[in-house]
Amino acid sequence: IITYGTLINGLCKEGRLHEAKDVLKEMLNRSIVPNIKVYNTLIDGHCRFGNMQEAFSLLGEMQGDGILPDIISYNALINGLRKVGNILEAEELWNRLVDEGLCPDVVTYNLMIDGYASSGDTLKALQLYEEIEKKGLEPTLITYHALMDGLCREGEMQKVEQLFDAMLKKNLLPEAITYNILIHGYSKSGDLQKAFQLFEQMGQNKILPDEKTYNGLLKGLCTEGKMQKANDIFVQMLDRGVNPNANTYNTLIDGYCRVGNLMEAFKLHRGMVEEGFTPDVLAYSELINGFCKEGKTQEAELLLNEMHEKQLLPP
RNA sequence: GAAUUCUUCUAGA
């Protein structure tokens with residue numbers, strides 16, 4: 001049964017949901033009784049690809065087999081609803097699981113906190129955070145990540161700082177992702193000094209920056225039009241063996257367009273192709289926008305045509 | 001005891 005579970009998990013993670021369900025049918029045919037983990041895996045698989053209807057029908061099937069959903073089943077479903085932005089139904093599920101005598105665990109809290117925080121309701125997110133300890137649970141790194149990321153988006157940087165301190169006081173060690181959230185947040189809020197300070201702190205803690213870390217720094221520099229510094233950082237990134245991704249190029253292209261340096265923007269567009277990236281609609285839009293702003297509409301049209309040839313749809 | 005759930009990056013408008 002573990003073999004079946006592993007197989008179903010693998011198929012679900014790859015989005016091969018039909019095949020995963022076929023495996024479930026095969027199990028039933030062979031009179032192997034699927035347990036709750038198998039069902040939870042399937043429920044989660046459908047949730048993460050947005051197929052909530054099927055996820056709920058699997059929940060029903062499971063109950064039909066006499067298996068009661070556990071907190072993990074509910075967490076998977078709440079996660080699915082949160083992903084499609086349906087916080088209201090997520091709240092209903094929360095009430096339902098409590099009615100059934102289950103207790104929300106820290107994952108349930110993290111899910112709802114992220115749901116509220118990333119939809120801009122930082123107040124509710126913070127309220128839930130306060131509730132965690134009252135229920136005798138301990139916030140995790142992920143709790144802080146979800147909260148800080150939401151607060152960063154809203155520009156509530158003083159609260160971010162407080163939470164980061166609170167997190168350290170609990171002896172939760174920051175990881176690369178922690179710094180990525182913070183660096184990106186400060187970078188976007190225009191506090192490049194703080195962003196670079198954290199970048200240094202990250203190095204002191206022997207945490208290696210990844211492409212997202214650099215993208216965060218580049219985003220701030222590009223927004224401010226500090227393209228010489230942005231280029232230095234880009235070079236440092238390459239020197240340290242961190243591979244840029246499509247976002248890295250998009251960020252830089254946009255930065256060069258903003259300052260009217262279309263030559264560099266165009267070179268990067270080319271570089272992107274040479275590195276094996278397919279510029280997406282976004283990469284084209286930025287350039288086309290840049291050319292338009294400079295009044296170079298014929299170049300913009302050429303790019304638009306090229307984009308169409310590649311069968312990319314205009315935004 | 002590791003078969004199942006949570007967190008981070010890109011344009012314009």
Side-chain angles (χ1 to χ4, degrees), chain A residues 1-13 20 23 34-48 55 58 62 69-83 90 104-115 117-118 125 139-150 152-153 174-185 187-188 209-220 222-223 244-258 265 272 277 279-290 292-293 314-315:
Chain A
I1 185 159
I2 292 180
T3 315
Y4 278 108
T6 311
L7 176 60
I8 289 178
N9 186 32
L11 291 169
C12 283
K13 294 276 140 69
V23 175
N35 60 14
I36 190 156
K37 289 188 184 186
V38 169
Y39 275 112
N40 283 346
T41 309
L42 276 162
I43 290 172
D44 173 59
H46 286 81
C47 284
R48 73 175 58 238
L58 279 159
M62 179 173 94
D70 62 5
I71 190 65
I72 294 183
S73 323
Y74 278 107
N75 287 345
L77 289 163
I78 289 175
N79 183 31
L81 293 168
R82 177 191 64 96
K83 270 193 186 147
D105 65 5
V106 70
V107 173
T108 323
Y109 274 98
N110 289 347
L111 284 164
M112 292 305 288
I113 286 174
D114 179 66
S118 55
T140 64
L141 247 197
I142 294 182
T143 316
Y144 287 101
H145 289 169
L147 274 170
M148 293 193 297
D149 184 50
C152 281
R153 281 179 213 282
E175 295 177 357
I177 177 168
T178 322
Y179 284 107
N180 289 352
I181 291 167
L182 293 172
I183 288 172
H184 191 255
S187 206
K188 228 171 182 172
D210 61 16
E211 73 281 4
K212 292 173 188 175
T213 321
Y214 280 105
N215 289 351
L217 291 172
L218 290 173
K219 174 71 185 150
C222 288
T223 307
N245 62 17
N247 289 342
T248 317
Y249 284 102
N250 287 344
T251 304
L252 285 167
I253 289 172
D254 179 53
Y256 281 116
C257 286
R258 274 171 203 257
M272 197 173 175
F277 289 103
D280 60 2
V281 176
L282 204 65
Y284 276 101
S285 312
E286 286 168 344
L287 260 183
I288 292 172
N289 240 311
C292 286
K293 278 187 190 150

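What you see below is based on every heavy atom in this structure, not just the backbone, and it leaves out hydrogens, waters and symmetry mates. Residue numbers begin at 1 in each chain, while the letters A, B, ... track the order of the sequences. It should be emphasised that the depicted structure is a prediction, and the values quoted were computed from it without experimental measurement.
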**Item:** Residues in ring-ring contact (aromatic ring centres under 6.0 Å, His included) contact with A/Tyr109, at least two apart in sequence or another chain
**Value:** A/Trp94
**Asked** Can you give one letter per nucleotide of nucleotides 3-9 of chain B, 5' to 3': B if a protein heavy atom sits under 4.0 Å from the base, S if only from the sugar-phosphate, - if neither?
**Response** BBBBBBB
**Counterpart residues, ring-ring contact (aromatic ring centres under 6.0 Å, His included), relative to A/Tyr144 (two or more places apart)** = A/Tyr129
**Message:** Applying salt bridge (Lys or Arg N to Asp or Glu O under 4.0 Å), can you list everything that pairs with A/Asp149, at least two apart in sequence or on another chain?
**Reply:** A/Arg153
**Asked** Quick one: A/Tyr249 OH to B/U10 C1', roughly how many Å, whole number?
**Response** 14 Å
**Asked** Taking only residues two or more places apart in sequence or in another chain, which ones pass ring-ring contact (aromatic ring centres under 6.0 Å, His included) with A/Tyr214?
**Response** A/Phe199
**Asked** By ring-ring contact (aromatic ring centres under 6.0 Å, His included), which residues pair with A/Phe277, not counting sequence neighbours?
**Response** A/Tyr249
